[in-house]
Asker: 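The structure that follows is given in the form of structure tokens.
Proteins get letters first, then strands, A, B, ... in listed order; numbering begins at 1 in each.
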Amino acid sequence: KEKHKILHRLLQNSTSPVDL
Amino acid sequence: LPHKKTYPCRTNVENKVVSHLLEAEPEKVYAMPDPALPDDDIKALTTLCDLADRELVLNIGWAKHLPGFSSLRLADQMRLLQGAWMEVLLLRVVFRSLGAQDRLVFAEDYVMDAAQARLAGLPDLHAGVLQLVRKYRAMGLEMEEFVTLKAIALANADSMHIEDAEAVQKLQDCVHEALQDYERARHPGDPRRAGRLIMTLPLLRQTATMAVRSFCSIRQDGRVPMHKLFLELLEAN
């Protein structure tokens, strides 16, 4: 997970594409 | 970025999943090549990697809209995206290029012909993606089919390390069924259309593998700056 922290963070974000 | 938009309902087909996927389709992204850079392979590859990175952010947001995707375990969500990110990116390029003649529309402001692809060092990839474009153009790929195929590609990522295979299978069945329902209503005279669309996925997978290899080798070369998310996903492959 540490290795893929951005993907992990983006998936955990509750909102979708607008949430940049 | 504004997100929501509505697509005109082109058919009387009321498939909830397909409508939902149309709604979830991300906004277009512009490449905005840096005018300060000389027109060489580095500029082309830098532009492509930057564009891909920004599209990936949108594609992750898109994935969350797939029915059932957000209910998957986080680890499985990651594995599906790590397995299918390039297929999703390529399918979007392919769909944008359907109306272009032998050129790939990476973005409205970034269209690449064979000569430019040679300059960028990506002639085989360009030819491979164009093969997909021709295949879908011949079939008359529709927006509804494109969004559904993209979802199927994600659900079909075939990761070896899925924790809850049953839940992933359910997601796959859901989008597969949506495609079949759509085709039954929209193309009742062509019972093989859904199957023929799904049978294009091996070529998509093969082309995506080629793309990932090309960008891994570009990365090893070290001359092209790459953003972190793009690097993360390259490493995942």
Side-chain angles (χ1 to χ4, degrees), chain A, chain B residues 1-5 20-21 23-29 52-86 88-89 92 147 154 157 159 161 163 226-237:
Chain A
K1 269 178 193 169
E2 189 50 38
K3 218 176 141 192
H4 302 289
K5 53 188 179 186
I6 300 179
L7 177 60
H8 189 261
R9 184 167 55 78
L10 285 169
L11 281 171
Q12 275 196 314
N13 258 342
S14 57
T15 42
S16 53
V18 277
D19 197 12
L20 295 178
Chain B
L1 286 171
H3 168 55
K4 283 291 154 221
K5 57 178 172 264
H20 193 71
L21 291 173
E23 279 288 313
E25 195 48 24
E27 282 295 321
K28 64 177 85 165
V29 178
D53 187 78
R54 285 182 285 125
E55 273 217 43
L56 282 171
V57 176
L58 296 181
N59 288 344
I60 291 165
W62 159 80
K64 290 195 246 176
H65 286 284
L66 302 195
F69 184 85
S70 289
S71 322
L72 295 177
R73 294 179 191 176
L74 190 57
D76 286 344
Q77 294 180 28
M78 291 180 72
R79 281 174 191 129
L80 290 186
L81 281 162
Q82 286 164 346
W85 64 280
M86 185 58 94
V88 172
L89 280 179
R92 285 172 58 84
V147 295
L154 179 68
S159 167
H161 308 288
E163 288 174 6
M226 292 176 178
H227 295 295
K228 280 184 184 165
L229 178 60
F230 186 70
L231 278 173
E232 253 185 39
L233 288 165
L234 269 186
E235 279 166 15
N237 290 90

Asker: In Å and rounded to the nearest 0.5 Å, what is the NE2 to CG distance from A/H8 to B/L74?
Answerer: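 Output value for this atom pair is 4.5 Å.
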Asker: Select one option (side chain, backbone, both, neither) describing which atoms of B/L233 are under 4.5 Å from chain A's heavy atoms.
Answerer: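 Only the side chain of B/L233 comes within 4.5 Å of chain A.
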Asker: Examine whether an atom of B/A63 lies under 4.5 Å from a heavy atom of chain A, and if so say whether it belongs to the side chain, the backbone or both; otherwise answer neither.
Answerer: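 Contact with chain A involves no heavy atom of B/A63 at all.
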Asker: Go through the structure and list residues passing side-chain contact (heavy atoms from CB on, under 4.5 Å) with B/E235, not counting sequence neighbours.
Answerer: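 B/E235 satisfies side-chain contact (heavy atoms from CB on, under 4.5 Å) with A/K3, B/R219 only.
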Asker: Which atoms of B/L229 are under 4.5 Å from chain A, going by heavy atoms: the side chain, the backbone, both sets, or neither?
Answerer: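 For B/L229, the contact with chain A is made by backbone and side chain together.
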Asker: Can you check whether A/L7's main-chain N or O pairs, donor with acceptor, with B/E232's side chain at less than 3.5 Å?
Answerer: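 Yes, B/E232 side chain to A/L7 backbone: donor-acceptor pair under 3.5 Å.
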Asker: Ignoring hydrogens and geometry, is there a side-chain-to-backbone donor-acceptor pair from B/K64 to A/L10 under 3.5 Å?
Answerer: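 At least one qualifying donor-acceptor pair exists.
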Asker: With the side chain counted from C-beta on, respond yes when B/V57 and A/I6 share a heavy-atom pair under 4.5 Å apart, and no when they do not.
Answerer: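 The answer is no, as the side chains (C-beta and beyond) never meet within the 4.5 Å cut-off.
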Asker: Taking only residues two or more places apart in sequence, or in another chain, which ones meet B/F69 in a ring pair (Phe, Tyr, Trp, His ring centres under 6.0 Å)?
Answerer: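 Partners of B/F69 by the ring pair (Phe, Tyr, Trp, His ring centres under 6.0 Å) criterion come out as none, since no residue qualifies.
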